[in-house]
Number of protein chains: 2
Amino acid sequence: MDTPLTRKLNNFVRLSAMDEGLIADVLEPPRLVEARVDIVEEGEIPRTVNVILSGWACRYRQFEDGRRQIISLLLPGDCCDPHIPLLDRRDHAIGALTQVSVARIGGSAMAEIMARSPTLSLAFHREALAGAAIQREWTVSLGRRSGAERLAHLFCELHARLRAVSLADETSCPMPLTQPDLADALGQTTVHINRTLQDLRGASLLTLKGRRLTVLDSASLCQLAKFDPLYLHLGASRMASRHALPSGPDRPGVADRLP
Amino acid sequence: MDTPLTRKLNNFVRLSAMDEGLIADVLEPPRLVEARVDIVEEGEIPRTVNVILSGWACRYRQFEDGRRQIISLLLPGDCCDPHIPLLDRRDHAIGALTQVSVARIGGSAMAEIMARSPTLSLAFHREALAGAAIQREWTVSLGRRSGAERLAHLFCELHARLRAVSLADETSCPMPLTQPDLADALGQTTVHINRTLQDLRGASLLTLKGRRLTVLDSASLCQLAKFDPLYLHLGASRMASRHALPSGPDRPGVADRLP
DNA sequence: CGCAGTGTTGATGAAAATCAATCCCTGTGG
DNA sequence: CCACAGGGATTGATTTTCATCAACACTGCG
């Protein structure tokens, strides 16, 4: 069966038909969650794994004073913590950004297929490690990348991740995030995101309209973002590493085209 | 055998004497790494797990233009990625911040003890999940906490983590990080860290001298930082949750004492 | 002694937040 | 079909936070 989950896991290990069958067996019937509704709430005791089948969600944390930080973005095929049932309580919430279809895998069913198929076990482990690597990259972005670099980097990442589950073409992909969403993901304000976005458009790096992102100048965008797809661990084979900056700090540089 | 590693894992599950013995058996003889030297380098193919026995290290990433971001801090008892041998190549480096003593566990030995002892397997898994949770919290800090909040939060976290391995007392702990280190961890400049530090000292929240941090007003520090130790998943039992903000956005607030 | 890394200070400028209006879609109900 | 509501996008003016630049003091150490 071809689901975003199997497509994603196939980036990490080649799954056998039997593996895919095992997954299909344990995936409970999906439920729909409307945009802005929580899929799981903070403080819950985790018992099941949730898999995103369609739509976008995010982990987030909100302070009492209203400040919100999106901690990570969950795209189709992503599973919310394959191993989370091991922990005590959830320290963050997961919310739907668009309408989302999620399927659960019971904690014990999960343990069972991991025990049954070493390949699946490896796949889920790698999925988790890749997720951790993405989280580290976000730390780098928030800590040391400028506004324009952050935005560019996020777009590069999302495009690559969507390609890995066949939801993007060579130069464009869906982009349902609103500017407030982008602001909360990148630790900035919507006003500032808006202006940075205009800079990127002005430099002819991309267009963004109708909830769709089109990358006009991939090489420059990657270079500006210092985007190196290695951290996604999606398997060198299919990664368009062609734009991975061949380094050399001294090149024309898009930065000149930005204000 | 009592090592920082077993002390740390005991926060997640109670290890049997046999489990501790298994660990002792697979820990290779430690090696010393001097401050500012890499323990593992970016791009390496991971084969072994490294455990910090003493000293502090960090994951970090450095751009060609000199900007450096410390991605996470590794304290005694922390292991650098118990499951990392599953991935292709390292996307970041790990460097020693002080002189560090590290012991390796061979990849196959690791797999073997995990297979042999379900308790150990669970412990290492939880260790990894707790590490991921810390990484998420850093994302929140870098994205939405102000300079003073960030610094306060980091100090709260480090103090709690050190307590979990019996390296801190009730109100103080070693703090070998230099101001440049703090700056690279918190995504700011050393000048700004210096000034923020003065604010925290000025508000009588802490003292920091001779590479030792002393918390003078733990409740206020936690409140300022919005520090909730839940995310460390160190086991409710021993966590000093007493200062976990009982919430209520309307209280005196230390913030008033800061400039 | 002198050096290097660290900590500190002041002056200045850039990046981003904040405040406050619009404007513009898009879906909804009359 | 149109008016309306509401979220999203955009703009300008202003303030705050933080970075940058440039000294200089302190400390441990060869």
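The chains referred to below are lettered A, B, ... by the order of the sequence lines, with proteins before strands, and numbering in each begins at 1.
Side-chain N/O atoms of B:Ser172 and B:Asp169 include a donor and acceptor closer than 3.5 Å. No donor-acceptor contact under 3.5 angstrom links the side chains of A:Arg136 and B:Ser72, judged on distance only.
Across all strands shown, A:Arg201 has heavy atoms under 4.0 Å from sugar-phosphate atoms exclusively, and none from any base. At the heavy-atom level, B:Arg36 lies under 4.0 Å from the strands shown only through sugar-phosphate atoms. At a threshold of 4.0 angstrom between heavy atoms, the contacts of A:Arg67 with the nucleic acid are absent. Among the atoms of the strands shown, none is found under 4.0 Å from any heavy atom of A:Gly210. Using a 4.0 Å heavy-atom distance criterion, A:Thr178 is classed as a sugar-phosphate-only contact.
With hydrogens and angles ignored, a donor-acceptor pair under 3.5 angstrom links the side chain of A:Arg195 to the base of D:dG12.
At whole-Å resolution of the value, CD in B:Gln198 and P in C:dT6 are 18 Å apart. Going from atom CG of A:Asp181 over to atom C1' of D:dA9 covers 13 Å, rounded to whole Å. A:Ile193 has its CD1 atom 15 Å from the C1' atom of C:dT18, to the nearest Å. Put simply, CZ on A:Arg145 is 18 Å from P on C:dA15, counting in whole angstrom units. Between the P atom of C:dT6 and the CG atom of B:Leu197 lies a distance of 15 Å, rounded to the nearest Å. Atom pair A:His192:NE2 and C:dC19:C1' shows a separation of 16 Å (rounding to whole Å applied). Rounded to an integer number of Å, the gap from CG of B:Asp199 to P of D:dT16 is 15 Å. Going from atom CD of A:Gln188 over to atom C1' of C:dT18 covers 14 Å, rounded to whole Å.
Comparing B:Arg150 and A:Thr190, the nucleotide of DNA chain D nearest to each residue sits closer to the 5' end for A:Thr190. Comparing A:Gly147 and A:Val191 by the nucleotide of DNA chain C whose heavy atom lies nearest to each, the residue mapping closer to the 5' end is A:Gly147. If A:Thr189 and B:Asn194 are placed on DNA chain C by their nearest nucleotide, the residue sitting closer to the 5' end is B:Asn194.
Contact between the side-chain N/O atoms of A:Arg211 and the OP1/OP2 oxygens of D:dA9 is found at a separation under 4.0 Å.
Between the side chain of A:Arg144 and the backbone N or O of B:Gln69, no donor-acceptor pair lies under 3.5 Å.
Note on ring orientation: taking the six-membered ring where Trp is involved, the planes of B:His153 and B:Phe227 are perpendicular (angle over 60°, cut-offs 30° and 60°).
For B:Arg61 and B:Asp91, the salt-bridge test fails: no basic side-chain N is under 4.0 Å from an acidic carboxylate O.
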